[in-house]
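Take a look at the structure below.
In this chain, numbering begins with 1 at the start of the sequence shown.
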Amino acid sequence: MRDPKDELRPLVVRGKELQHEVAQITAEIRVANPKVSAGIGLADIVFDLRGYKRIATAAGRYLAWSGLFNRSRILSTSFEQWYNETISKLGTISVARKNITWRGNSAALVTRLAKARTYKRLDTQIGKAVGVLGAVAEDELVFNEDIHDLINRRRQEFQQARKRAEEERLLDLSDVAPGIDVVKLFNREQLRGQFSNHIEVGRMIEGALDAYAWHGVDANRQALSSCRSALELLVKEVTGESEWRLGLVKIAERTRRKLVSDTYGFLSGYGSHPGGAPTKRDVAYGIRMSLASCLWLVGRDSSES
């Protein structure tokens with residue numbers, strides 16, 4: 001998407017040029033003050049364009065001779081043009097707040113700038129207006145016509161972040177089974193690394209994670225079914241048996257074999273056999289137990305090779 005700041009920067013630069021002119025006129029006013037009648041505030045006279053008719057004669061003559069009146073009028077015209085352009089531009093953009101709606105908030109930006117015109121003196125108006133624009137330019141901005149895309153992008157990013165956080169929770173096996181907590185998984189790359197010698201098994205587990213994140217009608221059952229297939233295949237690959245149950249018998253350790261057997265039974269009851277209606281909580285449990293079983297099998301295979 002286009003960045004509104006690219007169009008605001010030239011306006012900020014021009015605004016600072018207006019402030020520079022104010023500073024120069026102010027400096028000349030300080031020099032002029034001793035040369036005119038005491039008690040007359042020249043800055044009030046020069047920058048209050050509505051007060052020309054009320055100025056003292058001595059001050060008026062000096063200001064006319066020095067050109068300060070004319071410079072003030074030129075400055076006022078330049079500011080008017082800058083202000084109108086800025087108001088027009090602010091009407092097309094919004095601050096990209098977290099709670100932004102498709103309506104945007106251009107009206108609030110225009111109102112903030114318009115408040116600068118309520119001050120009596122021109123130098124104050126310029127200072128306030130340029131300050132407002134500078135503050136706006138520091139915010140995250142969006143063109144009003146792009147707000148719909150921004151909201152959709154943020155929604156997708158939020159969903160992706162939530163998915164990553166949920167996957168990290170599923171991959172954290174520290175409280176699943178003794179010995180499994182030594183394996184730290186934080187993302188899918190690390191998951192693939194653990195199953196680098198059993199690529200298809202890793203793909204099946206990733207498929208279970210994808211199904212878990214999906215909200216389809218049969219997503220929960222599909223996730224558990226993928227886990228069951230991964231466990232079956234890994235037992236066959238690790239033990240060298242073509243039949244799952246024969247391979248399971250070969251797993252000598254009783255406690256670990258029970259872990260694998262119980263996990264498989266849960267996955268079968270909810271993921272393959274009719275009658276089960278797995279919930280998201282069931283799927284989360286099934287994925288974590290499947291990971292624990294598979295990681296133990298992979299570790300067992302590595303230690304025996």
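- L224 and G286 make their closest contact through CD2-CA, 3.9 Å (heavy atoms, listed as atom of the first residue, atom of the second, distance).
- The two atoms that bring V142 and A96 nearest to each other are CG1-CB, 4.1 Å, heavy atoms only.
- A 6.0 Å sphere centred on CZ of R9 holds more than 12 heavy atoms belonging to other residues, nucleotides or ligands.
- Under the side-chain hydrogen bond (donor to acceptor under 3.5 Å, both in side chains) criterion, K236 pairs with no residue at all, not counting sequence neighbours.
- One finds the CG atom of N220 at 12.5 Å from the OG atom of S225 (value rounded to the nearest 0.5 Å).
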K16 and H20: CA distance, side-chain angles, deciding distance, side chain to side chain contact (heavy atoms under 4.5 Å, CB included) verdict: CA-CA 6 Å; K16 290 181 178 179; H20 180 67; over 6 Å; no

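- Interatomic distance, M289 CE to L231 CG, rounded to the nearest 0.5 Å: 10.5 Å.
- Judged by distance alone, with hydrogens and angles left aside, the side-chain atoms of S88 form no donor-acceptor pair with the main-chain N or O of N84 at under 3.5 Å.
- Atoms CG and CG, from L295 and L191 in turn, are 8.0 Å apart once rounded to the nearest 0.5 Å.
- L246 CG to W244 CH2: the interatomic distance, rounded to the nearest 0.5 Å, is 11.5 Å.
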Verdict with reasoning, E80 to R117, per side chain to side chain contact (heavy atoms under 4.5 Å, CB included): CA-CA 10 Å; E80 187 72 23; R117 299 301 297 272; 2.8 Å; yes

Verdict with reasoning, R188 to D210, per salt bridge (Lys or Arg N to Asp or Glu O under 4.0 Å): CA-CA 11 Å; R188 293 202 184 196; D210 290 336; 2.7 Å; yes

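- A salt bridge links R71 with E21; the closest basic N to acidic carboxylate O contact falls under 4.0 Å.
- Without hydrogens or angle criteria, Q125 side chain to Y119 main chain gives a donor-acceptor distance under 3.5 Å.
- Looking only at side-chain heavy atoms (C-beta outward), F266 and D282 come within less than 4.5 Å of each other.
- Atom CD of E138 is surrounded by 12 or fewer heavy atoms from other residues, nucleotides or ligands within 6.0 Å.
- The closest side-chain heavy-atom distance from I126 to L122 is below 4.5 Å.
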Step-by-step side chain to side chain donor-acceptor pair (under 3.5 Å) determination, S293 to T263: CA-CA 7 Å; S293 299; T263 300; 3.1 Å; yes

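- Ring geometry, W82 versus F79: the interplanar angle falls under 30°, so the pair is classed parallel (tilted spans 30 to 60°).
- Smallest separation of non-hydrogen atoms from L18 and S78: CD2-CB, 3.8 Å.
- Salt bridge annotation for D123-R121: present, with a cationic side-chain nitrogen under 4.0 angstrom from a carboxylate oxygen.
- Taking CD from E7 and CG from L141, the interatomic distance works out to 11.0 Å, rounded to the nearest 0.5 Å.
- Residues V12 and V130 fail the side-chain proximity criterion, which asks for heavy atoms closer than 4.5 Å.
- Of the possible donor and acceptor atoms, none in the side chain of N105 sits under 3.5 Å from a partner among the backbone N and O of I100.
- Between the T77 side chain and the R73 main chain, a donor and an acceptor come within less than 3.5 Å of each other.
- Contact of the R228 side chain with the E232 side chain is registered, since non-hydrogen atoms from C-beta on lie closer than 4.5 Å.
- Here the side chains of I205 and C294 are in contact, with some heavy-atom distance below 4.5 Å.
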Worked check of side chain to side chain donor-acceptor pair (under 3.5 Å) between T92 and N144: CA-CA 6 Å; T92 66; N144 293 335; 5.9 Å; no

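- In this structure E189 satisfies the side-chain hydrogen bond (donor to acceptor under 3.5 Å, both in side chains) test together with R192, sequence neighbours excluded.
- Contact between A223 and A208 at its shortest, heavy atoms only, is O-CB, 3.4 Å.
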Test side chain to side chain contact (heavy atoms under 4.5 Å, CB included) applied to V249 and E241, step by step: CA-CA 10 Å; V249 172; E241 293 289 343; over 6 Å; no

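- Of the charged side-chain nitrogens involved, at least one lies within less than 4.0 Å of a carboxylate oxygen, so that R14 and E85 count as a salt-bridged pair.
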Worked check of side chain to side chain donor-acceptor pair (under 3.5 Å) between R155 and N152: CA-CA 5 Å; R155 184 179 294 116; N152 286 337; 2.9 Å; yes

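- Salt bridge annotation for E140-R154: present, with a cationic side-chain nitrogen under 4.0 angstrom from a carboxylate oxygen.
- To the nearest 0.5 Å, atom CG of residue L248 and atom CD of residue E243 are 12.5 Å apart.
- When every heavy atom of C227 is checked against every heavy atom of S290, the shortest pair comes out as CB-OG, 3.2 Å.
- D139 pairs by the side-chain hydrogen bond (donor to acceptor under 3.5 Å, both in side chains) definition with nothing, not counting sequence neighbours.
- Scanning both residues, G247 and V235, for their nearest heavy atoms gives C-CG1, 3.6 Å.
- Within a 6.0 Å sphere centred on NZ of K115, other residues, nucleotides and ligands contribute 12 heavy atoms or fewer.
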